[in-house]
Amino acid sequence: MSERVLTGITTTGTPHLGNYVGAIRPAIQASQQQDNESFLFLADLHALIKCHEPDKIQQSTLEIAATWLALGLDPDMTVFYRQSDVPEISELCWVLNCMAAKGLMNRAHAYKAAVASNLEEKQDADFGITMGLYGYPVLMAADILMFGAHKVPVGKDQIQHVEMARDIAQRFNHHFGEVFTLPEAVVEDDVAVLQGLDGRKMSKSYGNTIPLFLPPKKLQKSINKIKTNLLEPGEPKDADTSTVFQMWQAFSTPEQTAEMRQAFADGIAWGEAKKQLGALINDEIAEARERYESLLANPKQIEETLLHGAEKARSYSRSLLADVKQAVGIRPLS
Ligand code: TRP
């Protein structure tokens with residue numbers, strides 16, 4: 001049996017270079033050489049947990065869908081859908097809520113971090129915490145278990161959630177019979193974690209990102225803002241502690257990396273290194289950026305692609321939900 005691989009992307013924000021290098025590029029490469037079944041979805045129900053601005057939710061969904069399509073995700077090879085278009089997920093989520101231990105949710109990192117920050121600020125522990133945030137891992141379990149995913153590629157911060165999905169599935173299977181496949185998180189160790197403008201991990205929450213599809217001039221401007229030290233042209237520079245070099249490495253061939261390392265040792269000026277970096281990144285994304293822009297100008301086409309994907313997804317989810325209902329006793333009376 002072929003392996004089923006599934007992952008979701010929360011639809012908040014605009015994709016940035018860190019998302020591209022760390023998640024999108026490897027996922028698209030994997031999807032193009034696949035001998036497995038792959039599912040990729042836009043987690044817009046998850047987005048509601050973090051964002052209560054309707055226009056932003058819609059815009060981000062559009063941008064993220066356009067990004068993946070522009071970069072070569074093939075919706076004929078991957079079941080590509082929007083979570084909210086598959087109502088069975090929400091329904092399964094409720095059933096799982098009735099099997100998920102509250103104590104398990106108490107241990108979820110995102111929830112614990114929210115409580116900790118409340119206490120630090122001398123707020124009530126529950127301040128600003130919704131049931132959505134609390135139950136986030138259960139919805140994620142529904143996403144995963146719905147499609148019988150074996151493998152779930154995620155970032156390190158999400159491993160715990162996949163393990164919770166596995167826990168919940170085990171508990172269900174133990175009580176009601178073998179309905180769910182037990183999923184496993186896969187974390188690519190060798191994917192780059194890109195540094196942002198300030199040298200910390202590039203992340204929307206640090207406000208240090210470079211949006212992926214900036215027009216060339218703005219891209220260069222943004223790259224010029226990467227923090228460097230004050231070494232003058234001609235002074236040797238340490239490649240290993242440089243964000244400019246780290247980014248170069250994420251986009252260059254091994255030969256180009258070696259050349260740039262040498263250029264650093266030879267004292268390349270920061271301005272010159274940044275100029276070369278801008279050109280390198282631009283070369284890699286220029287074609288996709290054109291496709292991205294034409295997709296954004298044609299949201300109807302994206303909408304159709306997503307609805308078509310949801311139909312494919314539902315051919316799985318309807319039948320799984322029927323099994324679940326049967327198993328728990330929500331059945332026709334005669
Ligand atoms: N929570 C994931 C994130 O923020 C997104 C997500 C939602 C997901 N459902 C999923 C990832 C199911 C993998 C599988 O990154």
Side-chain angles (χ1 to χ4, degrees), residues 3-16 18-24 26-28 30-31 36-51 57 60-61 63-65 67-68 73 78-93 96-97 100 105 108-114 130 132-169 180-188 191 193 201-205 209 309-310 313 316-317 320:
E3 289 222 306
R4 208 169 273 180
V5 181
L6 172 144
T7 199
I9 310 117
T10 304
T11 52
T12 47
T14 297
H16 54 70
N19 300 138
Y20 172 70
V21 166
I24 307 175
I28 287 179
S31 81
N36 45 35
E37 290 176 86
S38 85
F39 289 71
L40 182 82
F41 68 95
L42 304 169
D44 57 346
L45 296 174
H46 276 105
L48 292 183
I49 296 168
K50 295 185 210 159
C51 175
I57 296 272
S60 172
T61 305
E63 287 177 3
I64 293 175
T67 297
W68 283 80
L73 180 87
T78 296
V79 184
F80 181 53
Y81 56 99
R82 179 169 47 193
Q83 186 184 31
S84 61
D85 286 332
V86 182
E88 291 78 18
I89 295 172
S90 302
E91 223 177 311
L92 176 60
C93 183
L96 297 180
N97 262 307
M105 296 305 115
H109 297 315
Y111 166 71
K112 271 174 51 177
T130 63
L133 177 66
Y134 194 62
Y136 180 116
V138 185
L139 179 57
M140 193 159 149
D143 292 331
I144 295 169
L145 302 179
M146 179 58 93
F147 297 99
H150 303 97
K151 295 276 156 75
V152 185
V154 284
K156 290 200 178 66
D157 60 318
Q158 299 290 321
I159 299 174
Q160 187 196 33
H161 294 148
V162 180
E163 282 167 359
M164 287 181 167
R166 194 181 168 91
D167 261 29
I168 296 169
F180 295 126
T181 303
L182 302 185
E184 226 178 280
V186 255
V187 183
E188 300 283 357
V191 302
V193 175
K201 174 186 170 180
M202 190 180 287
S203 162
K204 198 182 142 223
S205 43
T209 64
Y316 297 89
S317 61
L320 186 107

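In each ligand, atom 1 is the first atom listed, and ligand 1 is the first ligand listed.
- Residues in residues 83-93 take part in these salt bridge (Lys or Arg N to Asp or Glu O under 4.0 Å) pairs, two or more places apart or across chains: Arg82-Asp85, Glu88-Arg314, Glu91-Lys325.
- With sequence neighbours excluded, no residue forms a salt bridge (Lys or Arg N to Asp or Glu O under 4.0 Å) with Arg166.
- Using cut-offs of 30° and 60° on the angle between ring planes, the pair Phe147 and Tyr316 is perpendicular.
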One pair per line, please: each N/O atom of ligand 1 matched with every protein N/O atom under 3.5 Å away, atom names first, then the distance to 0.1 Å.
residue	atom	partner	partner atom	Å
ligand 1	1 (N)	Tyr136	OH	2.5
ligand 1	1 (N)	Gln158	OE1	3.0
ligand 1	4 (O)	Thr10	OG1	3.1
ligand 1	4 (O)	Tyr136	OH	3.1
ligand 1	9 (N)	Asp143	OD2	2.7

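- With contacts defined as side-chain heavy-atom distances shorter than 4.5 Å, the pair Met140/Val162 qualifies.
- The ring-ring contact (aromatic ring centres under 6.0 Å, His included) test applied to His46 returns Tyr136, not counting sequence neighbours.
- In this structure a side-chain-to-backbone donor-acceptor pair under 3.5 Å is missing from Glu3 to Asn36.
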